[in-house]
Structures are given as C-alpha cells and as structure tokens.
Amino acid sequence: MSRCTSERKVYDWNAVPWRKLERNVFKIQKRIYRAAQSENRKLVRKLQGLLTRSWSAKMIAVRQVTQQNQGKKTAGMDGVIALKPSERQPLVRQLKVNDGKKVKPTRRVWIPKPGREEKRPLGIPTIYDRALQGLVKIALEPEWEAVFEANSYGFRPGRGCHDAIAAIFASVSQKPKWVLDADIAKCFDRIDHKALLKKLNNSSPIRRKIREWLKAGVMDRNEYQPTYAGTPQGGVISPLLANIALHGMEAEVRKIVPANIIKQKELGVVRYADDFVVMHKDREVVEQAKEVISEWLTGIGLELKPEKTRMAHTLEGPEPGFDFLGFNVRQYKVGKHRSGKTGKGYKTLIKPSAEAIKTHKEKLKAVVDSHKAAPQATMISRLCDSFRVKVQDKSNVSQAIQLEALAGLH
C-alpha cells in the first residue's frame with residue numbers, strides 16, 4: 001500500500017477507483033484483526049501506523065465526511081461544510097495523526113429528541129477533525145472488533161437493530177423469562193476520560209490524538225466550556241469510543257453464575273449502544289445483574305436511568321413484555337391446539353411498539369398534509385423518500401399499492 005505524499009495526486013475525484021482503495025484498506029484491516037485476535041500488540045500498532053499514513057485510507061475518510069455522512073452540511077467552528085471535489089484532495093494531503101496542530105473546540109448544536117421536549121446536545125468538530133477521526137476509526141475499529149462481545153450490536157459494521165431483536169427472540173422463545181430493560185443516563189456526555197483512555201491501552205499517536213479530541217471543549221453560543229467527561233455526539237469516532245467504554249459489561253454480568261453451565265446458557269445479555277436487556281428465568285439472577293451493572297458503570301462514570309429502567313416478565317404480570325429499539329417483545333398464552341408441536345402453551349411475538357407506530361403515523365401525516373396541493377406523483381415521490389421505499393419507477397401501479405399500505409397506518 002502506498003503512502004500519501006505531496007506528489008501523489010488524483011486529478012478527477014469522480015474517476016477515483018474507490019473499489020480498489022477499499023480493497024487495499026480492507027487487506028490491512030484484516031491483518032490488524034488477525035493480529036489482535038492472536039494478541040500480537042506490536043504488530044497491531046505497526047499496521048495501524050501504516051494504515052493512518054496510507055493514501056487509500058485518507059481518501060476514504062475524506063469521502064465519508066464530505067460526501068456520505070448526513071452531517072456533511074453541518075459546519076464546525078471553522079464554518080466549512082461539504083467540500084467541492086477540487087477542495088477534497090488538498091484535505092487528503094493535510095491529514096496526519098501526529099500533525100502537531102491544536103484541536104479546535106466542537107460547536108454545540110441542540111436538536112430535539114423525538115417525542116419529547118428535551119433536547120440532545122451535539123458536538124460538531126471541524127471538517128478536518130472529522131476526516132482525521134474517520135481515518136483513526138478505520139485503523140482502530142478492526143482491533144476492537146476482534147475482542148468486542150458477541151451480543152453488542154450498536155454502531156458496529158455488519159450489525160444492526162434487527163440482529164439485536166433476533167438475539168432477544170432466540171433467548172426468550174424457548175422459555176418465559178424475567179427481563180431487565182435498562183438505559184444508561186447521558187452515556188455520551190458522562191464517560192470518564194481516564195477510564196476510556198486506560199481501556200484504549202494505546203501509547204501510539206492515536207491515543208494522544210483521541211485525548212486531544214476529548215479535551216478540546218465546546219463552544220455553545222460563543223461561550224467556551226471545557227470538557228471533563230464524555231465523547232462529543234456528532235464526532236465520527238464517538239460511537240466507537242462509547243462501545244469501547246461499555247466493553248466488558250456482559251462479561252461482568254456472566255460472573256454471577258460462573259460455574260453453572262445451564263444458568264450461563266439461560267442468561268441472555270443484549271446491548272445496542274447504551275440500551276441493553278438482561279434476560280433469565282430467575283428473577284433473583286436478573287436483580288443481581290442490575291446491582292452488578294450499576295456498580296460496574298460507576299467505574300466509567302456512568303449510571304442507570306431510573307425512569308427508563310424496569311423489571312418485566314415476558315408472559316406474566318399486569319404489563320407483560322417490554323419495548324426495545326422500537327419493537328415490543330411479548331409472549332401470549334395460547335390453547336393446546338395453537339401451541340404447535342412444542343406444546344409450550346405460549347407464543348412469542350415481536351411487533352412494532354405503540355410509540356413507534358405513533359411516530360410513523362405522525363411522520364406520514366406531516367408529509368401528506370404538506371403536499372395536499374401537490375400533484376400525486378410529487379407526493380408519491382416524497383413519501384418514497386421519507387419512508388425509504390425503493391422502486392424502479394415511482395409512477396407505476398406497484399408504488400400506489402405500497403402507498404395504500406402506508407396510508408392504512410394513517
């Protein structure tokens with residue numbers, strides 16, 4: 001893999017062979033992954049340094065923040081948004097992990113949380129820092145993917161919320177269970193910097209640069225505020241850092257029943273970013289898991305959110321089941337003729353939660369109301385874009401059938 005030098009130029013950004021660059025980067029990432037699996041830390045650091053200097057990785061990082069990310073049109077403290085193709089290659093040549101530059105503070109942006117009056121704070125780095133964070137993430141992610149826990153699904157390549165729901169179904173479908181449905185309070189804002197940097201266990205320039213990003217501070221309405229904890233939401237590398245901080249929680253929970261193989265298999269832990277569930281047939285085990293998690297979280301400066309933490313049962317009780325990632329997971333009692341070959345006397349059903357359905361209806365209503373005077377083809381096109389309906393021809397009959405199905409929720 002060639003290094004990025006001042007002499008290296010690509011004259012037409014639209015003609016860049018991206019597939020070739022992605023293959024080059026993936027080869028090095030695969031070597032980092034295997035070295036991390038074999039605990040060859042020296043080789044991991046060497047390959048990470050090679051990857052952060054590579055022209056291919058820098059091109060991909062710049063492409064991500066200037067073309068692909070949704071926040072490409074949101075400016076940081078430098079006031080720069082998505083760059084033109086002619087401005088992207090100079091940025092590629094500037095990217096360097098040990099550049100010696102002082103990191104600029106992030107710009108505070110407040111966005112409303114869906115369905116609530118409360119607002120979520122975002123920290124928007126400069127476009128240079130976003131590109132550099134993307135480059136560091138490319139080098140750091142394969143090392144941690146080799147050691148991350150199996151039941152962690154949030155912000156990881158090749159995984160999504162449906163994989164987390166499938167894992168929950170596999171855990172509760174065999175037997176009714178008690179469930180701890182929990183949420184971590186202000187996870188991104190309160191992560192302890194010392195604990196996170198200690199977990200990184202990286203003495204290379206990557207760790208030093210991450211420390212600079214964490215300590216850069218924020219500018220909120222032209223007022224500087226230092227950052228003593230947390231990772232800025234809005235940074236490219238922040239989701240990875242949050243996963244690194246929360247890594248080890250599942251292993252800590254499984255220490256509750258270390259010698260009991262049956263209980264180990266029955267104990268289910270599924271985490272998606274800062275939301276997680278713990279499932280077991282014995283309520284005592286789940287309550288003990290709650291205490292263990294609460295104590296473990298204090299070590300990284302976090303705590304459970306009381307109003308979003310509840311104990312539930314999938315089959316029994318006044319309010320059986322629980323909501324997770326916009327889905328409702330619940331078991332229903334059935335007669336002997338409907339229980340199938342298993343004869344369990346219950347069925348496990350997973351469907352959209354009431355809150356998710358309400359949000360979907362409100363979004364559909366807003367689109368329809370704003371296009372009352374628009375032509376039918378325009379409204380159909382807008383609905384397709386809003387709900388990510390993919391069709392070859394937005395004016396054909398199949399599209400109308402899909403929209404009728406959407407309108408049925410309204």
Side-chain angles (χ1 to χ4, degrees), residues 52 58 61-62 64-83 87-88 90-113 118-141 155 184-200 202 204-245 273-274 300-302:
T52 55
K58 291 181 181 183
V62 170
Q64 180 186 4
V65 300
T66 60
Q67 287 183 270
Q68 297 176 332
N69 286 359
Q70 291 184 353
K72 61 187 177 183
K73 295 183 179 179
T74 305
M77 288 302 300
D78 56 353
V80 180
I81 57 174
L83 303 176
E87 299 172 327
R88 292 168 189 163
L91 178 59
V92 171
R93 292 192 290 270
Q94 293 173 17
L95 291 183
K96 196 175 182 182
V97 174
N98 53 349
D99 52 10
K101 296 181 181 179
K102 185 177 180 180
V103 177
K104 291 184 179 180
T106 59
R107 185 171 73 90
R108 175 71 78 211
V109 176
W110 296 89
I111 61 171
K113 290 187 177 181
E118 186 182 357
K119 291 187 176 182
R120 175 184 288 114
L122 294 184
I124 310 300
T126 63
I127 197 126
Y128 173 82
D129 284 329
R130 272 180 273 174
L132 195 56
Q133 286 182 16
L135 179 63
V136 170
K137 182 183 177 182
I138 289 172
L140 200 61
E141 195 168 52
F155 306 119
I184 301 172
K186 296 184 178 180
C187 176
F188 283 87
D189 300 331
R190 296 182 179 178
I191 293 175
D192 184 76
H193 288 170
K194 289 184 178 179
L196 175 58
L197 293 171
K198 185 179 179 181
K199 271 194 172 184
L200 281 171
N202 192 326
S204 67
I206 290 178
R207 183 181 181 275
R208 292 195 295 271
K209 182 55 69 173
I210 290 175
R211 186 182 184 279
E212 292 176 13
W213 287 326
L214 294 176
K215 301 293 185 181
V218 297
M219 289 292 290
D220 190 359
R221 299 171 185 174
N222 296 325
E223 182 181 346
Y224 176 78
Q225 297 176 359
T227 49
Y228 301 107
T231 62
Q233 296 187 59
V236 177
I237 202 172
S238 294
L240 175 61
L241 295 180
N243 272 336
I244 292 172
D274 57 343
I300 54 175
L302 300 175

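Since the structure is predicted, the reported quantities are computational estimates derived from the model, not experimental observations. The figures that follow rest on heavy atoms only: side chains count, while hydrogens, waters and symmetry mates do not.
Judged as a side chain to side chain donor-acceptor pair (under 3.5 Å), and not counting sequence neighbours, D189 has no contacts. Residues passing the side chain to side chain contact (heavy atoms under 4.5 Å, CB included) test with P226, sequence neighbours excluded: Y224, Y228. By the side chain to side chain contact (heavy atoms under 4.5 Å, CB included) test, A131 is found to be paired with V62, V65, L91, L95, residues two or more places apart in sequence or in another chain being considered.
For the residue pair G234 and L122, the shortest heavy atom distance occurs at N-CD2, 4.5 Å. Of all the heavy atoms in I300 and A195, the pair that sits closest is CG2-CB, 4.0 Å. Minimum interatomic distance between V236 and G134 (heavy atoms only, all atoms of both residues): CG1-CA, 3.8 Å. Pairing each heavy atom of V92 with each of K58, the nearest pair is O-CD, 3.7 Å.
Using a 4.5 Å heavy-atom threshold, the side chains of K209 and D99 count as touching. Contact annotation: the side chain of L140 approaches that of L200 to within less than 4.5 Å [non-hydrogen atoms, C-beta and beyond]. Here the side chains of D220 and W110 are in contact, with some heavy-atom distance below 4.5 Å. Looking at heavy atoms from C-beta onward, L196 lies in side-chain contact with I244 at the 4.5 angstrom threshold. The closest side-chain heavy-atom distance from L132 to W213 is below 4.5 Å. The closest side-chain heavy-atom distance from I124 to R130 is below 4.5 Å. Here the side chains of L214 and T227 are not in contact, with every heavy-atom distance at 4.5 Å or above.
The backbone N or O of G76 sits nowhere less than 3.5 Å from a side-chain atom of T126 that would complete a donor-acceptor pair.
Note that CG of D274 is 6.0 Å distant from CD1 of I184, once rounded to the nearest 0.5 Å. Here the NZ-CG distance, from K96 to L135, works out to 12.5 Å after rounding to the nearest 0.5 Å. The CZ atom of R108 sits 8.5 Å away from atom CD of Q233, with the distance rounded to the nearest 0.5 Å. Of the inter-residue distances, the one linking I127 atom CD1 with R88 atom CZ reads 9.0 Å to the nearest 0.5 angstrom. Here the CE-CZ distance, from M77 to R107, works out to 8.5 Å after rounding to the nearest 0.5 Å. The distance from the CZ atom of R190 to the CG atom of L302 is 8.5 Å, given to the nearest 0.5 Å.
Counting heavy atoms of neighbouring residues, nucleotides and ligands inside a 6.0 Å radius, atom NZ of K101 exceeds 12 of them. R211 CZ: 12 or fewer foreign heavy atoms inside a 6.0 Å radius.
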